[in-house]
Amino acid sequence: PAGVIMRDPWTRCGLVFRLLQAAFAAAALAVMASTDDFPSVTTFRYLVAAASVQCLWSLAVAILDAYAIVVKRSFRIGRAVIILALGDWVTGTLIFSAACGSAAITTLLSNDFGACSVNPCASFMNATAMAFLSWLARAPAFIGNLWTAVHRIQKS
């Protein structure tokens, strides 16, 4: 149908950003899960859950973007764009809040308690940094989807 043929540069850029999001979220998940101490702190468990959701969401949308590129069709239409923007907003809020909470607990452990000798603070810091990078890589895709959704709503 007319208007469905791909003329959207966001699909290719979106694929790159989605893969970056998934890679950073998977790295945060792997680093945090490799420590024995993460289940003892609720915020670190939340980071693992948020990174898992972010990774799954990013991979699912990356598969859709890759399929759109292969068949040369755009899925950036009406409801799909709104669903993508809402999904990005929810996963972005989850990963950002988990990263902020983990950063706070890591700072508390390292600076205030001086407990890095008995805790893997370096791993906690690395996982937190990967979560922030995952959120940062998500921002361009969210802005692109939000702009497309607003543009489509204004057209109708």
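All figures in this text were calculated on a predicted structure; none of them were measured in a lab. Residues: numbered from 1 along the sequence shown.
By the rule that hydrophobic residues join a cluster once side-chain heavy atoms approach within less than 4.5 Å of another member, Trp89 and Val53 end up as members of one cluster. Cluster membership for Trp135 and Val48, using ILVMFWY side-chain heavy atoms within less than 4.5 angstrom, is not shared. Following chains of ILVMFWY side-chain contacts shorter than 4.5 Å, one cannot reach Leu133 starting from Leu47, and the two form parts of different hydrophobic clusters.
Note: Leu108 CG to Thr43 OG1 = 10.0 Å, rounded to the nearest 0.5 Å. Distance check, rounded to the nearest 0.5 Å: CG of Leu19 to CD1 of Ile63 gives 9.5 Å. Atoms CG and OH, from Asp65 and Tyr67 in turn, are 13.0 Å apart once rounded to the nearest 0.5 Å. Residue Gln21 holds its CD atom at 10.0 Å from CH2 of Trp57, rounded to the nearest 0.5 Å. Between Asp88 atom CG and Ile83 atom CD1 the span is 12.0 Å, to the nearest 0.5 Å. Between atom OG of residue Ser34 and atom CG of residue Leu29 there is a gap of 10.0 Å, rounded to the nearest 0.5 Å.
The heavy-atom pair separating Phe38 from Phe44 by the smallest distance is O-CB, 3.6 Å. Across every non-hydrogen atom of Ala137 and Phe24, the tightest pair is CB-CD1, 4.4 Å.
Using a distance-only test at 3.5 Å, with no hydrogens or angles considered, no donor-acceptor pair links the side chain of Ser134 to the main chain of Met130. Judged purely by atom type and a 3.5 angstrom limit, Thr35 uses its side chain to pair as donor or acceptor with the backbone of Met32. Counting only distance, with no hydrogens or angles, the side chain of Ser58 and the backbone of Cys55 share no donor-acceptor pair below 3.5 Å.
Put simply, the side chain of Phe17 does not reach to within 4.5 Å of the side chain of Arg138, judged on heavy atoms. Proximity of Tyr46 to Thr42: side-chain heavy atoms (C-beta onward) are nowhere separated by under 4.5 Å. Residues Thr107 and Phe124 form no side-chain contact, since every pair of their non-hydrogen atoms from C-beta on lies 4.5 Å or further apart. The shortest side-chain heavy-atom distance between Met125 and Thr128 does not fall under the 4.5 Å cut-off. Taking the side chain as every heavy atom from C-beta outward, Phe132 and Cys100 approach each other to under 4.5 Å.
Considering Thr106, Asp36, Val41, Asp37 as possible partners of Asn119, the one that fulfils the side chain to side chain contact (heavy atoms under 4.5 Å, CB included) test is Asp37.
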